[in-house]
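One is the number of the first residue; the rest follow in order along the sequence. What you see is a predicted model, and the numbers here were worked out from it, not measured in a lab.
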Amino acid sequence: MRWEKGFRDPKLAKRIVEKIHEVAPKKDVVKICHVCGTHEWVISHYGIRSMLPETVDVIAGPGCPVCIVPAAEVDEAIQVALKGAVLTCFGDVVRVPGSSMSPLEAKVKGADVRVVYSVIDAVRMAEREPNREFVFFAIGFETTAPSTAAEIVKGSPRNLSFLVSHRLIPPAMELMLGIGDLQIDAFIAPGHVSTIIGLEPYEIFPKAYRMPTIVAGFEPVDVLLAIYMALKQIKNRTAALENEYKRAVRWEGNIKAKELMGRVFKVVGGNWRGIGRIPDSTLALKEEYLKYDAHERHSVKISGGRDIRPGCQCHLVIVGKIKPTECPLFMKACTPQRPVGPCMVGVEGTCKIWAVTSQHSV
């Protein structure tokens, strides 16, 4: 038996579901918020919501890195490409809408936009074509930021620069607690991000906000256990930080990765699509690395930008105020084939996940 089968064991999952029903509230509805697109995929793919009591609502927070990149930053990437540089980006990013077009639509207009699987691909492309200017559109949370930093520290090719759009998860979680009419009773923290940052950044949630917070892995049993652990805390009126994902997440996180991030980036405030400006939530290149900044090299800076198109409700989906099916465009004007909003684009977008997954039993 492969090790992951234990985390997909139907009998074990059934026992955990029974425990969930035992500790769930009988009357009042509680909301457990996760902030990870992969958690949403697991929950939707395995039909976990259908196994829960009606009094337990699991909502998706801003855990999709493609969804929360502001349109203005997509516009900057497109402008760089239309000026003649080669824009390299992850596959999901190609279709994410800017104010008037996506990078893919810019490619149709003649821009050289290429999909890469990692920043290393962008480095190799730049090395192979030294007479062209390359730009890597660096998006993602703490999970991908260290790889961007590592390439910059090593010394990237002289013809490669970076549009840095990395963002940090804990500040967004904290902001969600201040959103009016959005009651959250517990957090499920993202496992991938936590392998980098560790547990310490989440301490604020139980200590300052009395918010049960569980770091969870990405198998169905992981998620069910996290829900059970959160519900136990809610029932007992306690608030603690717990690590369900001990096989991958350590208290201190990945020290080397954090050192790389701290060496290359500074933390600044920044906009999140659908949310607005969040203090201390965005990474920017430090002064000594500005020679790698595509803004400087290609003279691009776009302010404003149209984040949400008419009728699109992605700004409400991103913060868990509504479910994708409550958006009037869902699977009508907005489909995976013709996405209107960013939540229908990426594999971690809540609307895309709801559109392509079926409800299965564990």
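- Note on ring orientation: taking the six-membered ring where Trp is involved, the planes of His34 and His39 are perpendicular (angle over 60°, cut-offs 30° and 60°).
- Here Glu133 pairs with Arg297 in a salt bridge; the nearest charged N to carboxylate O distance falls below 4.0 Å.
- Between the side chain of Arg210 and the backbone N or O of Arg237 there is at least one donor-acceptor pair closer than 3.5 Å.
- Residues forming a side-chain hydrogen bond (donor to acceptor under 3.5 Å, both in side chains) with Lys154 (at least two apart in sequence, or on another chain): Glu151.
- Remark: Leu260 CG to Ser147 OG distance equals 9.5 Å, nearest 0.5 Å.
- Side-chain contact annotation: Tyr202 with Ser194, donor-acceptor N/O pair under 3.5 Å present.
- Judged as a side-chain hydrogen bond (donor to acceptor under 3.5 Å, both in side chains), and not counting sequence neighbours, the contacts of Ser281 are Trp272.
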- Item | Thr350 and Glu40: CA distance, side-chain angles, deciding distance, side-chain hydrogen bond (donor to acceptor under 3.5 Å, both in side chains) verdict | CA-CA 7 Å; Thr350 305; Glu40 181 55 40; 5.2 Å; no
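- Under a 4.0 Å N-O distance rule, the pair Arg132/Asp112 qualifies as a salt bridge.
- How far NZ of Lys14 is from CG of Leu224: 13.5 Å, rounded to the nearest 0.5 Å.
- Using a 4.0 Å cut-off between charged side-chain N and carboxylate O, Glu129 and Arg124 make no salt bridge.
- Lys232 and Glu22 are not joined by a salt bridge, as no carboxylate oxygen comes within less than 4.0 angstrom of a charged side-chain nitrogen.
- Side-chain contact annotation: His166 with Thr282, donor-acceptor N/O pair under 3.5 Å absent.
- Checked against the 6.0 Å centroid threshold, Phe90 and Phe136 count as a close aromatic pair.
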